[in-house]
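Just so it is clear, the values below take in all heavy atoms, side chains as well, and ignore hydrogens, waters and symmetry mates. Both counts, for ligands and for their atoms, begin at 1 and track the order of listing.
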Amino acid sequence: MQYHSTRNNNICVSSAQAIKQGLSEEGGLFVPETFPKVTLDEISSLSVKSYNERAYFVLSKFLTDFSDEDLKNCITNAYTKEKFGTDAIAPLYKLNDKVYFLELWHGPTCAFKDMALQILPYFLTTSMKMTNEEKEIIILVATSGDTGKAALEGFKDVNGTRIIVFYPDNGVSEIQKLQMVTQRGNNVSVAAVKGNFDDAQNGVKKIFTDAEYKALLDRNGFKLSSANSINWGRLVPQIVYYFSAYADMLASGEISIGEEINVVVPTGNFGNILASYYAKKMGLPIKKFICASNENNVLTDFIKTGVYDKTRRFHTTISPSMDILISSNLERFLYDLSGCDDKLITELMTKLNTEGKYEIPDSIKAKMQELFDADFCDDKETMSAIRKTFENGEYVIDTHTAVAKSVYDKYVSRTGDSTKTVIASTASPFKFNQSVLIALEDYNYVMGKDEFELLKLLRDKSGMKIPESLAELKDRTPIFDTVVAKEDMENTVSDFLKVE
Ligand SMILES: *Cc1c(COP(=O)(O)O)cnc(C)c1O
C-alpha cells in the first residue's frame, strides 16, 4: 500500500515514510492510495476476537510494509490491560436499546488521544528502523491540554526519541497542568509558555520552519517530528475501534450482521469522525455520521452550507478540546469526496490560508450531505445533557461526550431516526470533574473545593472508580517549573538537547 499527498498525487511513499515524515513537503496530508475492502463474513468473525486481534486485522491492511512481527509488537506494547485497565481496551456501554457509548478514555491520560498516542511511538520507531533513520527523533508538541499529556505518556522512555511539550501558562486546567509537570521519563521535557495556545502553537510552527535551526539540529544528530493528528500514524489506529464497537454489538446480539448503525462524534480536528468514515469505506455498515460541535460551530455551518469560514469569533467553552476553528483532517475527507482531486484541494487550502474561507462545488456538497448530519450545542445544553443522561440512565459522561449526546438528541427529534447509534465517548468525566459536578449539582457545590476533593465527590455521585492516574497526582512532586517567553522557545529546545 502506497500513500499519496492530498495536494500532489504524484507523491508516493510507503507507510513507514508517511509516518516518519508526518506532513508531506508541500503541506499536504498523506492518504492511502486505496481503501482495502472487508467482507461481512470477516466482520462477523471479529466478534469473537480480542481488541488486539481486531487491531491487527485493520492495521495490517494499511501498514503493508511492516513485517507481521513488527506490527504485532506495536499492538501488544500499546494496548495492554495494565495501561487501559480493561481487556476490552475500548468497551461499549449500553445506555438503552438505541444508544451505546464507545468508551475511548480508559488509557493512561483518561482521554481518547491515548487510543492513537499509545501506539504512535511504536509505529514511529519501527518506521525509523525500516527507513534506516539514524538520527534521534525530537517530538515537539504545543498543547491545549489533552494531546500534550497523551504524547508524553506515549513517548516516555521510548528509545531513539525525545519529547518536548509546550503548554500555555494560563490556558490549561489544574488537572491537565499537574498531569504534565509531574511527568516522569528519561527523555521528556515540559515548559509553560507565557501566552495562550496560539502563542505556543505559533512558536512550535516557527521552530519547524526555521531552516537554519533545523540544520543545527541535523548536525547534532536530531530530527524534528510531530505527534499531532495530521500524522497518518495517529489516524489509522482510530479506524480500529469502530470495527471493534460493531463487533461487540454483534457479539452481544444487539445487531445482526450487515445491519447499519449511526455514529455520533464530538468533533474538533475532524480526526475521530474521519476514522469512522474510513471504516465505512472499508465496508463497515454505517448509515449516518453525525458531526457534533460546541459553540465553535464552523463544521456545522460547513456541512449545512458547503462554505468553510474560519473568520469568526473564537469561543472558550467547557469542552475545550473541541475549541478549534481549523479542522485539519477535513482536508483528507474533501480529497476523498472529490475523487482525489489534488488541484482542487490545493486551491481550497490556499484560499483558507489567504482569505480564511472557501466553498466546495455542489457535487461534493451533495455527497457530503447524503452521509453527514451536523449540529452544535452551547455550554448550557452540554450541562443539561450531562444531567439528563445521569437522571435517565445513571451514567455520567464528560463535557465533550455530552456535546455529542445533546446533538444526537436534537437529531432524533428532528428526524425520528431510530437506528441504533454509537456515540464516541472521548474523555473520562473525572478529567473535567468541575464542569461535570456543576451540571449534576450546582455551582455552589464545587466552589472552594480543590481538584482532589472534587474527584472524590464525583466518585460518590457516579459510583465510578477514580482513575488511578488522576488520584495519584496528589502525591506527585512537580518536576518541571520552566516558564518561557514565547520568543525563547527555541532556546528551551536547545537547552534540553544541549546544542548551541
Ligand atoms: C481531541 C478531542 C476531541 C476532538 O477530536 P478530533 O479528532 O480532533 O475531532 C474530542 N473530545 C476530546 C476529549 C478530545 O481530547
Side-chain angles (χ1 to χ4, degrees), residues 29 90 101-118 120 141-151 153-154 167 172-173 175-176 179-180 197 201 227-242 263-279 289-300 302-303 317-333 372 374 376-377 382 385-386 397-407 423-433 435-436 467 470:
L29 308 186
F101 286 101
L102 176 55
E103 296 180 347
L104 302 171
W105 42 260
H106 289 272
T109 76
C110 308
F112 99 98
K113 304 287 191 291
D114 288 328
M115 297 304 300
L117 279 164
Q118 279 299 314
L120 179 68
V141 182
T143 184
S144 57
D146 286 342
T147 302
K149 178 60 183 180
E153 271 300 313
Y167 69 91
V172 300
S173 79
I175 285 252
Q176 286 174 322
Q179 279 187 311
M180 290 188 277
F197 172 63
Q201 170 114 307
N228 69 24
S229 72
I230 50 173
N231 194 315
W232 176 246
R234 261 191 73 175
L235 199 54
V236 68
Q238 300 187 329
I239 302 173
V240 175
Y241 48 70
Y242 290 104
V263 166
V264 191
V265 184
T267 296
N269 228 344
F270 209 77
N272 200 0
I273 198 164
L274 180 69
S276 69
Y277 172 73
Y278 283 168
F289 303 88
I290 299 158
C291 177
S293 300
N294 62 25
E295 270 190 287
N296 296 294
N297 57 353
V298 59
L299 284 168
T300 311
F302 173 66
I303 290 170
T317 73
I318 57 171
S319 44
S321 303
M322 296 159 64
D323 290 346
I324 190 165
L325 292 179
I326 302 181
S327 296
S328 337
N329 272 300
L330 195 60
E331 177 168 349
R332 285 189 165 109
F333 180 53
F372 276 65
F376 75 101
C377 71
T382 306
I386 294 173
I397 54 179
D398 95 293
T399 48
H400 303 78
T401 310
V403 168
K405 179 65 166 57
S406 174
V407 164
I423 299 179
S425 176
T426 51
S428 158
F430 287 100
K431 195 159 188 181
F432 299 93
N433 50 16
S435 303
V436 171
L470 297 184

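Asn231 and Arg234 share no side-chain donor-acceptor pair at under 3.5 Å. The closest side-chain donor-acceptor pair between Asp323 and Asn296 falls under 3.5 angstrom.
Listed by chain and number, Phe112, Lys113, Asp146, Pro266, Thr267, Gly268, Asn269, Phe270, Gly271, Asn272, Ser321, Met322, His400, Thr426, Ala427 each place a non-hydrogen atom less than 4.0 angstrom from ligand 1.
A pairwise comparison of heavy atoms in Gly148 and Thr143 identifies N-OG1, 2.9 Å as the closest pair. Closest approach of Ala150 to Leu117, counting heavy atoms only: CB-CD1, 3.6 Å.
Ring-centre distance between Phe372 and Phe333: below the 6.0 Å cut-off.
Ser319 pairs with exactly one of Thr399, Asn294, Thr382 by the side chain to side chain donor-acceptor pair (under 3.5 Å) rule, that one being Asn294.
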